[in-house]
Amino acid sequence: MSLHVTVLGTASPHPGPDTPCSGYLLRGGGAEVWVDAGFGSFAELRRHTDPARLDAIWISHLHADHSADLLAAVYALAYGGLTPATPIPVHAPEGCAQRLAGFLGRADVGFLSGVFDFRKLYDGHRVRHGDLTLAAHEVRHDVEAYGLRAEAGGRVFAYSGDSGPCPALADLARDADLFLCEADIDTHRESEVHLTPEDAGRVARAARARQLVVTHVGPTLTPETATARAAAVFPGPTRTARVGDTYAV
C-alpha cells in the first residue's frame, strides 16, 4: 500500500496564471483527502477526482490562500449537481464554518450540514479514514495553524502548512517518506511566521525525512531558487512542487 500526493496549487499569497494557491490531493489507504483549499485549487481537484467522493477535507489554517475555495466547493456540492452521498468531514480550525457562512451572507451555519461535517482540529488530533490516519501538529503562525502527518501502509507523508520555525515541525516530519514544506520568505526580516528555504532544509535534515518537496514560495523568491537553497542544507532528494505533479510517498 502506498500514498500518493497530487499538487493542486502552490502559490502564495495569491494565485497566478495556471498557479492556484495551496491545495493537495492525498490518496492512500482507500481514502482521498483534499488538503488545503486555496484559491483555484477546487478546479484542479476536479481534474483528478470527483469532489463528491472525497472521504475528507483537511484545512491547515483559515487564511484565504489555504481555505477560500471551500466556497467553490459549496457551490458545486450544494447547488452544482456534485452532491455527496453523505456530508464530507472537514477537519479545520475552529470558526471555519462560520467564516464560510459569512462569505455567503448567512448568520447560521446549519445550511452547510447537507454537504460538510465540520470537525475541529486541535494539537494531537488524530482521525482515520479507511486505512489512512491523519494527525494534527500545532505549528507557529499568526493564526491557529496545524501541520499534517498522514500514514497508511507504513508510509508517512508530512505537510508543514504555514509555519515559522518551531519544534513541532521536526516532530511531524520525523522519518517521513515525503515532507512537503513551505519556503515562503527570503529572510526572517520579512516574517517570523514563515520559513526560509534554509529553514525548510534544516527541518527536513533534523527530522531525517527521506525526501523534501518545496512549496508555497512567496513573491520575493522563485520556486527554483528556493528549492536550490533548501537543497544546499538538506542532503536528500529535494524537488519543487509543481501543479499537476503526483508524488509516490
Side-chain angles (χ1 to χ4, degrees), residues 6-15 19-26 31-123 125-127 129 134-139 141-148 150 159-163 182 193 215-216 243:
T6 298
V7 179
L8 308 176
T10 64
S12 168
H14 55 79
T19 312
C21 286
S22 292
Y24 310 91
L25 175 60
L26 177 63
E32 293 189 327
V33 180
W34 182 16
V35 177
D36 275 349
F39 303 111
S41 62
F42 182 75
E44 291 299 319
L45 177 71
R46 293 194 64 194
R47 292 186 191 274
H48 301 280
T49 194
D50 176 357
R53 297 177 59 184
L54 288 170
D55 294 278
I57 300 170
W58 199 94
I59 302 296
S60 65
H61 65 293
L62 298 185
H63 281 160
D65 59 335
H66 292 256
S67 65
D69 251 28
L70 287 175
L71 182 60
V74 168
Y75 270 78
L77 300 173
Y79 313 123
L82 299 181
T83 308
T86 58
I88 299 169
V90 180
H91 305 286
E94 187 172 14
C96 185
Q98 290 78 6
R99 183 166 299 195
L100 190 55
F103 275 131
L104 294 166
R106 301 286 289 267
D108 68 280
V109 300
F111 74 100
L112 295 170
S113 63
V115 293
F116 288 152
D117 173 12
F118 288 92
R119 304 180 184 185
K120 182 181 178 296
L121 282 181
Y122 55 86
D123 189 40
H125 175 273
R126 290 177 65 87
V127 66
H129 294 285
L134 308 176
H137 293 245
E138 189 167 13
V139 294
H141 202 42
D142 55 357
V143 296
E144 182 182 4
Y146 299 91
L148 169 65
Y159 170 50
S160 66
D162 277 10
S163 177
E182 72 130 270
V193 294
T215 191
H216 199 272
V243 175

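Along the sequence shown, the residues carry numbers beginning at 1.
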N/O donor-acceptor pair under 3.5 Å between [X] side chain and [Y] backbone:
{"X": "S12", "Y": "H216", "answer": "no"}
{"X": "D36", "Y": "G38", "answer": "no"}
{"X": "D117", "Y": "P87", "answer": "no"}
{"X": "T19", "Y": "A11", "answer": "no"}

How long is the span from the [atom1] atom in [X] to the [atom2] atom in [Y], to the nearest 0.5 Å?
{"X": "I59", "Y": "F118", "atom1": "CD1", "atom2": "CZ", "result": "9.0 Å"}
{"X": "S22", "Y": "E182", "atom1": "OG", "atom2": "CD", "result": "8.5 Å"}
{"X": "L70", "Y": "F42", "atom1": "CG", "atom2": "CZ", "result": "10.0 Å"}
{"X": "I57", "Y": "S67", "atom1": "CD1", "atom2": "OG", "result": "11.5 Å"}

Hey, mind stepping through D162 and H66 against side-chain hydrogen bond (donor to acceptor under 3.5 Å, both in side chains) and telling me if it holds?
-> CA-CA 9 Å; D162 277 10; H66 292 256; 3.1 Å; yes
Which pair of heavy atoms, one from [X] and one from [Y], lies closest together, and at what distance?
{"X": "F116", "Y": "V74", "answer": "CE1-CG2, 3.5 Å"}
{"X": "H141", "Y": "V193", "answer": "ND1-O, 2.9 Å"}
{"X": "C21", "Y": "D65", "answer": "CB-O, 3.3 Å"}
{"X": "S163", "Y": "V139", "answer": "OG-CB, 3.4 Å"}
{"X": "P20", "Y": "L8", "answer": "CG-O, 3.4 Å"}
{"X": "V109", "Y": "A101", "answer": "CG1-CB, 3.9 Å"}

Steps toward side-chain contact (heavy atoms from CB on, under 4.5 Å) verdict (V90, L112) | CA-CA 11 Å; V90 180; L112 295 170; over 6 Å; no
Quick check, are the ring centers of Y146 and W58 under 6.0 angstrom apart?
->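 Ring centres of W58 and Y146 not closer than 6.0 Å.
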Output field: ring centroids H91/H129 closer than 6.0 Å | yes
Take atom OH in Y75; do more than 12 heavy atoms of anything else shown fall under 6.0 Å from it?
->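 Not more than 12 within 6.0 Å, no.
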Would you call [X] and [Y] a side-chain contact if the rule is heavy atoms closer than 4.5 Å?
{"X": "L45", "Y": "D69", "value": "no"}
{"X": "L104", "Y": "F111", "value": "yes"}
{"X": "L148", "Y": "S60", "value": "no"}
{"X": "L77", "Y": "I88", "value": "yes"}

For a side-chain hydrogen bond (donor to acceptor under 3.5 Å, both in side chains) with Y24, tell me which candidate from T10, T215, T6 qualifies.
-> T215
For L121 and E144, run side-chain contact (heavy atoms from CB on, under 4.5 Å): C-alpha distance rounded to whole Å, both residues' side-chain angles, the deciding distance at 0.1 Å, then the answer.
-> CA-CA 10 Å; L121 282 181; E144 182 182 4; 5.6 Å; no
